[in-house]
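Working notes, beginning with the structure itself.
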4 protein chains.
Amino acid sequence: MPTRRRRAGGTKRAAVLDAVVTVLAERGFENTRFTDVSLASGVAISTLQNYFGSREDMVIEAMEVFTEREVAALEAMSAAEADPWRRLVVLVDRSLHNSAATRRVLVEFWRSAMRDDDIGAHSAGVRTRYREPFLAAVREGVQRGDFTPAYDADTVTDLLLSTLAGLTIFAVQRGPAPSPEGLRDVLLAELRSVLGGKG
Amino acid sequence: MPTRRRRAGGTKRAAVLDAVVTVLAERGFENTRFTDVSLASGVAISTLQNYFGSREDMVIEAMEVFTEREVAALEAMSAAEADPWRRLVVLVDRSLHNSAATRRVLVEFWRSAMRDDDIGAHSAGVRTRYREPFLAAVREGVQRGDFTPAYDADTVTDLLLSTLAGLTIFAVQRGPAPSPEGLRDVLLAELRSVLGGKG
Amino acid sequence: MPTRRRRAGGTKRAAVLDAVVTVLAERGFENTRFTDVSLASGVAISTLQNYFGSREDMVIEAMEVFTEREVAALEAMSAAEADPWRRLVVLVDRSLHNSAATRRVLVEFWRSAMRDDDIGAHSAGVRTRYREPFLAAVREGVQRGDFTPAYDADTVTDLLLSTLAGLTIFAVQRGPAPSPEGLRDVLLAELRSVLGGKG
Amino acid sequence: MPTRRRRAGGTKRAAVLDAVVTVLAERGFENTRFTDVSLASGVAISTLQNYFGSREDMVIEAMEVFTEREVAALEAMSAAEADPWRRLVVLVDRSLHNSAATRRVLVEFWRSAMRDDDIGAHSAGVRTRYREPFLAAVREGVQRGDFTPAYDADTVTDLLLSTLAGLTIFAVQRGPAPSPEGLRDVLLAELRSVLGGKG
DNA sequence: TATGAATGAGGCTTCATTCAT
DNA sequence: CATGAATGAAGCCTCATTCAT
């Protein structure tokens, strides 16, 4: 019995994974059924099983692909801006303007990583790499003398990422809740203040 | 058609709800089965159905009871400290030192409120009341002249709560992640700096 | 274990049985639950069980009481009219003008008598007694010389009762169906013709 | 939400529907369980669910198929006899000689059509089409001059069908009851008399 | 007698999964 | 590779029922 068959399926595989992500955003981890993905992708259920082996593996792989893509996008974005502070602003803005679907998938991801071993393991790596561009920007700014934070770069980065995660959580709530975009100014001001240096 | 039967059952009801919360923390919303709660509480499955009507209603009610209790505790705690700044510190510390189970339930709660209509509606009220003690402390400090924030009280409060929520998210992740307690100092320092005033 | 406890319950028993009949007309044999009768009668479920022992016994007793009442009414009506032909007309008219609820219960009764042993046994007696007034009228008319049927009284009576039963069946159908009242004239004319004699 | 999935399943579907009818005749609408049909047909319960969606839909479809078949047989039989009167006799005889199982299903059908919306709607159509061959024979006989009834063709037909339905009801009762076959002569004589004309 | 609490039995239903084509 | 047919596992849920008061 193949533990996880990852390489079945041809070109449609990527498209199917997108469909899984869509369903995942809508219905959540446990409620993403083969039927839903079959409907969303136009691919027969048995074919999905050929691709992914089991339902869980399918959803998990979709989460992994999704988060990998997010990380890659962040890295690309990071590489495009030389100035540390402006780079941080760009990275923060990307997070603040995530689509509703993206936010929902992120919440699913955090919540599933708390329970599932596989996702949890993958999540640790993703977290590290997601954190990296932020951390690098802070460090670079310090090195350059742009920032003179009272706390070390790791701490500052963690605090920033926590706030961004919390804003994501609130953004998906129903009813009145602080919008990430609405808190942009104060968030950046505070960040700048924590980083110290010329502002 | 029984919409939602909330008041069936006798003295064991409260104890059962605690058991539900325990299972919920362990297994999550969708995986909290009647069997689990029956085992955890020593009450027959049919009794659970008699109490709550359906599995979902059972879990939802447990979430509601849990969050109500959290809010009530926060309010009590808030009433016990007169000084606005020290009150904020106490409130923040409470959040930072939540038990693992509490954090897991909170994550479940945020995630379920994003999907379920009933939980979502309840969640809106809870959010407002949970926010209230923080907001009141900020406002009171401003009124007293202790705080002179550059941003209005709502904004500052939302930012603080976002960070706390994000820290909760990270605290339940597997693998290396920033610990809420570890970020206490920088968080408080930053909060103090945003609030301005004598520090 | 008491096979069937028939004599529990006080004055409310009769009222409860009426409620059972009402529910029976609405929901049918298998779907007449304790809950329904409890709601319809304002009596607790456990009380119903005290009265009747089991659900089935409750419904069966209600059917028996109902059919007994029907037979008794028929007999009373029969006794009130001396002339055989006019008596037949009265009896036929009673059947043709049954209420919708009565018709539904009758259909339930016929259908249940086809399946359930107890109801079946009771039904045989009811059928005989229900038939009696019709049969007696026919026989009396023959004796008097009012009727000169080509077929014996039993046969004529059975044919008449079959037609009345069939009309009842159609009367409870949804959509277009012959109404018993609408067929009164032809039915009586035909009956008269079968009976022969002065008309 | 799958409203009613009618066309799932392969070649065994028709055979399964026959099994459902058999169980239905034995146990009745509400007591026709998946288990029974599974046993009677040799098909797994989940397969039944795959075919029909739900228990009720399964039984309803079986009823529909059964009644359609009855109607079709009647129509075929009607087409095979040119003479109106002989055609009526053939049609009546068919009804009078129905098998016990057929009669039981018919009673179930009439009774269910009284309660269930879907069956009720279907039943209306069936009733019309079942009536059609009888009605046509009467009309044709009138046109030809074979019949000279004092009542219009619809009325006469309805009366005849009522009697046949009533006989079916009585035929399935336990204990002494008029047998349809035993009433054949008087029924036909009466019918002939109502139709008038050369006899 | 009348009732509410608690429970067991039995059926339906959803889903993932296996298998043959 | 892709699919549809058939199936097994596992949970929910409705009910009648038992028991203590």
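In the text below, chain A, chain B and the rest are named by the order of the sequence lines, each starting its count at 1.
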Q.
What is the separation between atom CD on C/Glu30 and atom P on E/dG11, rounded to the nearest whole Å?
A. 14 Å
Q: Please answer whether the main-chain N or O of D/Val43 pairs with a side-chain N or O of D/Ser38 as donor and acceptor at a distance below 3.5 Å.
A: yes
Q) Between F/dT14 atom P and B/Phe52 atom CZ, what is the distance in whole Å? A) 15 Å
Q.
Can you work out whether B/Gly42 or D/Thr35 has the more 5'-proximal nearest nucleotide on DNA chain E?
A. B/Gly42
Q: Indicate whether OP1 or OP2 belonging to E/dA5 is found under 4.0 Å from a side-chain N or O atom of B/Tyr51.
A: no
Q: Starting at atom CG of A/Asn50, determine the distance to atom C1' of E/dT21, rounded to an integer number of angstrom.
A: 13 Å
Q. Considering only E/dC12, E/dA16, F/dT7, which nucleotide approaches the side chain of D/Val43 most closely?
A. F/dT7
(Q) Heavy-atom nearest nucleotide on DNA chain F for C/Ser54 versus B/Thr32: which residue maps closer to 5'? (A) B/Thr32
Q. Which part of the nucleic acid, if any, lies within reach of C/Ile45 when heavy atoms closer than 4.0 Å are counted: base, sugar-phosphate only, or nothing?
A. base
Q: Check whether any side-chain heavy atom of B/Asp116 lies under 4.5 Å from a side-chain heavy atom of B/Glu56, and answer yes or no.
A: yes
Q. Nearest of E/dT3, F/dT7, E/dG8 to any side-chain atom of D/Thr47?
A. F/dT7
**Q.** Base-pairing mate for F/dC15 - Watson-Crick or G-U, with both contacts under 3.5 Å
**A.** E/dG8
Q.
Strictly by Watson-Crick or wobble contacts shorter than 3.5 Å, is anything paired with F/dT21, and which nucleotide is it?
A. E/dA2
Q) Below 4.0 angstrom, N of the basic side chain to O of the carboxylate: do D/Glu108 and D/Arg27 qualify? A) no
Q.
Side chain of B/Arg33 only, heavy atoms from C-beta on: which candidate in E/dT7, F/dT17, F/dG11 is closest?
A. F/dG11
**Q.** Per B/Ser46 side chain, nearest of listed nucleotides E/dT7, F/dT3, F/dT17
**A.** E/dT7
Q: Would you mind reading off the distance between C/Arg55 atom CZ and E/dG10 atom P, rounded to a whole angstrom?
A: 15 Å
Q | Given DNA chain E, 5'-ward residue of the pair C/Ala44 and D/Phe34, judged by closest heavy atom | A | C/Ala44
Q) When the distance from CZ of D/Arg13 to P of F/dA6 is rounded to whole Å, what number comes out? A) 11 Å
Q | Carboxylate-amine/guanidinium proximity below 4.0 Å for B/Glu30 and B/Arg111 | A | yes
Q. How many Å lie between CD on A/Gln49 and P on E/dA20, as a whole number?
A. 16 Å
Q. In whole angstroms, how far is the C1' atom of F/dT7 from the CG atom of D/Leu39?
A. 16 Å
Q.
If I take atom CG in residue B/Leu48 and atom C1' in nucleotide F/dC13, what distance separates them, rounded to the nearest angstrom?
A. 13 Å
(Q) Assess whether a salt bridge exists between D/Arg13 and D/Asp18, defined as any Lys/Arg side-chain N lying under 4.0 Å from an Asp/Glu carboxylate O. (A) no
